[in-house]
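Each remark here refers to the structure printed beneath this line.
These values consider heavy atoms only, across backbone and side chains, with no hydrogens, waters or symmetry-generated copies. Proteins get letters first, then strands, A, B, ... in listed order; numbering begins at 1 in each.
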Amino acid sequence: MFDRELLERPSTEVAPLLLGALLTVGDVTVRLTEVEAYLGELDPGSHAFRGPGRRNAVMYGEAGHLYTYFTYGMHVCANVTCSPAGVASAVLLRAGEVVAGLETARMRRATSKTDADLARGPARLCVALGITLDDGGVDLATGRVRLDLPAHAQEFVTGPRTGVSGAGGSDIYPWRFWIPGDPTVSPYKRSVPKKRN
DNA sequence: GTCGAGATTATCT
DNA sequence: GATAATCTCGACC
């Protein structure tokens, strides 16, 4: 199902709704297992922090569209825009599990040795699905990229990094959400480097 | 399995 | 010219 009204909320509320959702592009379908909320203009880490630009124009548009961007020259990341038009807000898709089109995904991600690696990471997710800058701005209800929200709320946990409680006032964007126990989630760098002897 | 450094291009100041 | 929401590879335990 796809209900745009569900997406017209703050990204921190939309993020958990996207967990378990199915994202389909062509022959490949991915079940989202990890996402991260971005609050546009309020988030210093967001591309929209300094105001509207070419790249982030989609984030200011209607909810339920795909926002793609290029980073480090080699990687593409995908976001789902949320909040009503005029508000820059989006949810970054960080990881997922390939549930259909495995063969296609494997070909695209030749460097991945296991299926769990196919869409483990924002840029990898896009490669596995075949998402490019060309797909930016498409409507997720009718475009080449389709979003299918889960019928029931998914169980999820958030990542307030190593139990940051105070939030003293430095990092204001620890809004990471993922499905606990999923092998395709967050195997990448830890937020807190472990100290070696 | 885990840590550390480098690569590479679109976009904005 | 500076910046960026990352990935891959090599070294070590």
Give a yes or no on whether A:Phe156 and A:Val80 share a hydrophobic cluster (residues Ile, Leu, Val, Met, Phe, Trp, Tyr; joining criterion: side-chain heavy atoms under 4.5 Å apart). yes
In whole angstrom, give the distance that lies between atom [atom1] of [X] and atom [atom2] of [N].
X        : N      : atom1 : atom2 : answer
A:Tyr72  : C:dC7  : OH    : P     : 11 Å
A:Leu92  : C:dA5  : CG    : P     : 10 Å
A:Phe49  : C:dA4  : CZ    : P     : 12 Å
A:Asn56  : C:dT3  : CG    : P     : 19 Å
A:Arg108 : C:dC7  : CZ    : C1'   : 18 Å
A:Leu118 : C:dC7  : CG    : C1'   : 15 Å
A:His75  : B:dG6  : NE2   : C1'   : 11 Å
A:Met59  : B:dT11 : CE    : P     : 13 Å

If you compare every side-chain N and O of [X] against the phosphate oxygens of [N] (OP1, OP2), does one of them come in below 4.0 Å?
X        : N     : result
A:Thr71  : C:dT6 : no
A:Arg50  : C:dA2 : no
A:Arg176 : C:dA5 : no
A:Arg94  : C:dT6 : yes

Within 6.0 angstrom of [X] [atom1], more than 12 heavy atoms from elsewhere:
X        : atom1 : answer
A:Asp3   : CG    : yes
A:Met1   : CE    : yes
A:Glu155 : CD    : no

[X] has a side chain; which of [options] sits nearest to it?
X        : options              : answer
A:Phe70  : C:dC7, C:dA5, B:dA10 : B:dA10
A:Arg124 : B:dT11, C:dC7, C:dA5 : C:dC7
A:Arg109 : C:dT6, C:dA5, C:dT8  : C:dT8

Is there a donor N/O on one and an acceptor N/O on the other, under 3.5 Å, for the side chain of A:Tyr69 and the base of C:dA4? no
Could you check which nucleotide pairs with C:dA5 in any of the strands shown, counting Watson-Crick or G-U wobble with both distances under 3.5 Å?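 Pair assignment: C:dA5 / none.
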Please determine, for B:dT8, whether a Watson-Crick or G-U wobble partner exists with both distances under 3.5 Å, and give it or none. none
Among A:Trp175, A:Phe177, A:Trp178, exactly one meets side chain to side chain contact (heavy atoms under 4.5 Å, CB included) together with A:Thr158. Which residue is that? A:Phe177
